[in-house]
Amino acid sequence: MPIKTITLDFENLKHLDHGLLNAMLKEHLKRIALDCLDRPHDKKERLVSLDFRAVPVMGNDRECDHVKISVECKSKVPVFRTTEFQMKPTVGGFLFNQDFPNELQQPSLLDDDEDGDE
């Protein structure tokens, strides 16, 4: 029985690995779409990429017999970063002003007995 071969292209990716690559691509596209909806103010680009890796396999005749192909699907969204907070380093970690996290030296609004940390 003859072997049926098809060309590797975007249309035929659905035939690889029982459609897993197509499902992965959809998930990564969904990830960047959700990030755009969650953070429309962040104008940095979101990225989805398919990396095709090809490794030639040499036959006994020292010619390329076939190629091992793997495909990696990945996405990148902008890093989420908070504002900077002033903190005091101690041997036990870091301390910050509960009422004014951006101002370590700003006096607290509540007395020590009213803060509820007892």
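Keep in mind that the numbers below use all heavy atoms, side chains included, and drop hydrogens, waters and symmetry copies.
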Residue pairs, two or more places apart or on separate chains, that pass side chain to side chain donor-acceptor pair (under 3.5 Å) and touch residues 15-34: His28-Ser75, Arg31-Ser75
Any chain of hydrophobic side-chain contacts (each under 4.5 Å) joining [X] to [Y]?
X: Val79; Y: Val77; result: no
X: Phe52; Y: Met24; result: yes
X: Leu34; Y: Ile32; result: no
X: Leu21; Y: Leu47; result: no

Which residues share a side chain to side chain donor-acceptor pair (under 3.5 Å) with Asp51, sequence neighbours left out: Lys74
Kindly say whether [Y] contributes a backbone atom to a donor-acceptor pair with the side chain of [X] at under 3.5 angstrom?
X: Arg46; Y: Lys44; result: yes
X: Arg53; Y: Glu72; result: no
X: Asn12; Y: Thr7; result: yes

Near Phe10 CZ, under 6.0 Å, is it more than 12 heavy atoms from other residues, nucleotides or ligands? no
Would you give the length of the straight line joining atom CG of Leu13 to atom CG of Leu25, rounded to the nearest 0.5 angstrom? 8.5 Å
Sub-4.5 Å side-chain heavy-atom contact between Val48 and Lys76: no
Do Val57 and Val67 touch side chain to side chain, with heavy atoms closer than 4.5 Å? no
Non-hydrogen atoms of Thr90 and Phe94 that approach each other most closely: OG1-N, 4.4 Å
